[in-house]
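Inspection log for the structure reproduced underneath, given as structure tokens.
As the structure lists them, so they are numbered: ligands from 1, and atoms in each ligand from 1.
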Amino acid sequence: MNPIPTTERAVETVNLAIAFGQSNQRRQVVSDVSLMLARGESYGLIGESGCGKSTILRALAGLNPDYHGHILFNNREQQPHRDKAFYRQVQMVFQDPYASLHPRKMVWASLREPLKLHDMDRHEARISEVLHAVGLSDAFRYRYPHQLSGGQRQRVAIARALILEPSVLLLDEPTSALDVSVQAEILNLLSRMRQQRNLTYLLVTHDLAVVTHLCERVGVMYQGKLLEEVSAARLRKGDAQETYTREFLAASEV
Ligand SMILES: Nc1ncnc2c1ncn2[C@@H]1O[C@H](COP(=O)(O)OP(=O)(O)OP(=O)(O)O)[C@@H](O)[C@H]1O
């Protein structure tokens, strides 16, 4: 694969390494992972449970400053403790929207919070625009999370991520807590948002159908290492270089 020109790089890790625990309890969870995503690309990280996918995403999102190696966004090296400007550019969407939305805040309040934090203008207009973009009417402003379906809650969580007009979304199993029928709707919404807003996605999932639906390129992880990178088209055909990947694909019955 051709390297991505420097000016076109949206997300990059260089020799990323992450360990947890102290002294003899210390365990290396991510080893020497180097990834490069082009602007506007959608890249999936797959691999069996515990292989370190979410750990990488959390480090990228600035949620775990204790890493070795380098993390770059838009070709700028990031410090382990990120500044406020970073969070306007990079937003994360979690698996469980219940956990990411405040239970006692109405939708409008959850959406206004990041706008206030980042001193953005036109709160009311931005809230209406983003609700409309994710397929929710203005009436949803006055609902609490428990008054929403799982799919509607995830739409609000996506709206909350988008309201700051980021360039990168980090998606951690964004559909796996949802009913199968709703999963496709949320995947279609994410695809549409990426196209309309020229977003870059880094998606973590164990679900091959999700990754082949949403991503162009896929990194296969095994025991904390990036084993290989495959195009989604090749992945669909079960065509991979590493035996582990082929076994993983066969076991997942794509
Ligand atoms: N804060 C932490 N402290 C200690 N160990 C951790 C911590 N976070 C993750 N781990 C361990 O790191 C390993 C990788 O976890 P991670 O969540 O990245 O895996 P994953 O590939 O995303 O798996 P899954 O698909 O099950 O979410 C696991 O063994 C996990 O127990």
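- Of all protein heavy atoms, the one lying nearest to atom 13 (C) of ligand 1 is Val29 CG1, 3.5 Å.
- Nearest heavy-atom pair across Ile127 and Trp108 is CD1-O, 3.7 Å.
- Residue contacts with ligand 1: Cys51 is included, with a non-hydrogen atom under 4.0 Å away.
- The proximity of Arg27 to ligand 1, defined as any non-hydrogen pair under 4.0 Å, is limited to the side chain.
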- request: I would like to know whether Phe86 and Phe73 meet ring-ring contact (aromatic ring centres under 6.0 Å, His included); could you show each step before the answer?
  value: CA-CA 9 Å; Phe86 168 82; Phe73 281 95; 5.3 Å; yes

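- In this structure, Arg246 and Ala240 approach most closely via the heavy-atom pair NH1-O, 2.8 Å.
- The shortest non-hydrogen separation linking Gly219 to Leu226 is CA-CD1, 3.7 Å.
- For atom 26 (O) of ligand 1, the nearest non-hydrogen atom of the protein is Ser49 OG, 2.5 Å.
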- request: For Gln89 and Val168, run side-chain contact (heavy atoms from CB on, under 4.5 Å): C-alpha distance rounded to whole Å, both residues' side-chain angles, the deciding distance at 0.1 Å, then the answer.
  value: CA-CA 6 Å; Gln89 284 305 302; Val168 176; over 6 Å; no

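- Considering backbone and side-chain N/O atoms, Gly52 comes within less than 3.5 Å of an N/O atom of ligand 1.
- Comparing Met221, Lys53, His206 against atom 25 (O) of ligand 1, the shortest heavy-atom distance belongs to Lys53.
- What sits closest to atom 18 (O) of ligand 1 on the protein, heavy atoms only, is Thr55 OG1, 2.5 Å.
- Between Glu124 and Arg141, at least one side-chain nitrogen of the basic residue sits less than 4.0 Å from a carboxylate oxygen of the acidic one, meeting the salt-bridge criterion.
- When hydrogens are left out, the protein atom nearest atom 1 (N) of ligand 1 is Phe20 CE2, 3.6 Å; that is the closest non-hydrogen contact.
- Remark: the Tyr142 side chain and the Gln147 side chain contain no N/O donor-acceptor pair separated by less than 3.5 Å.
- Comparing Gly224, Ser54, Gly21 against atom 27 (O) of ligand 1, the shortest heavy-atom distance belongs to Ser54.
- At the top of the distance list for atom 23 (O) of ligand 1, counting protein heavy atoms only, stands Gly50 N, 2.8 Å.
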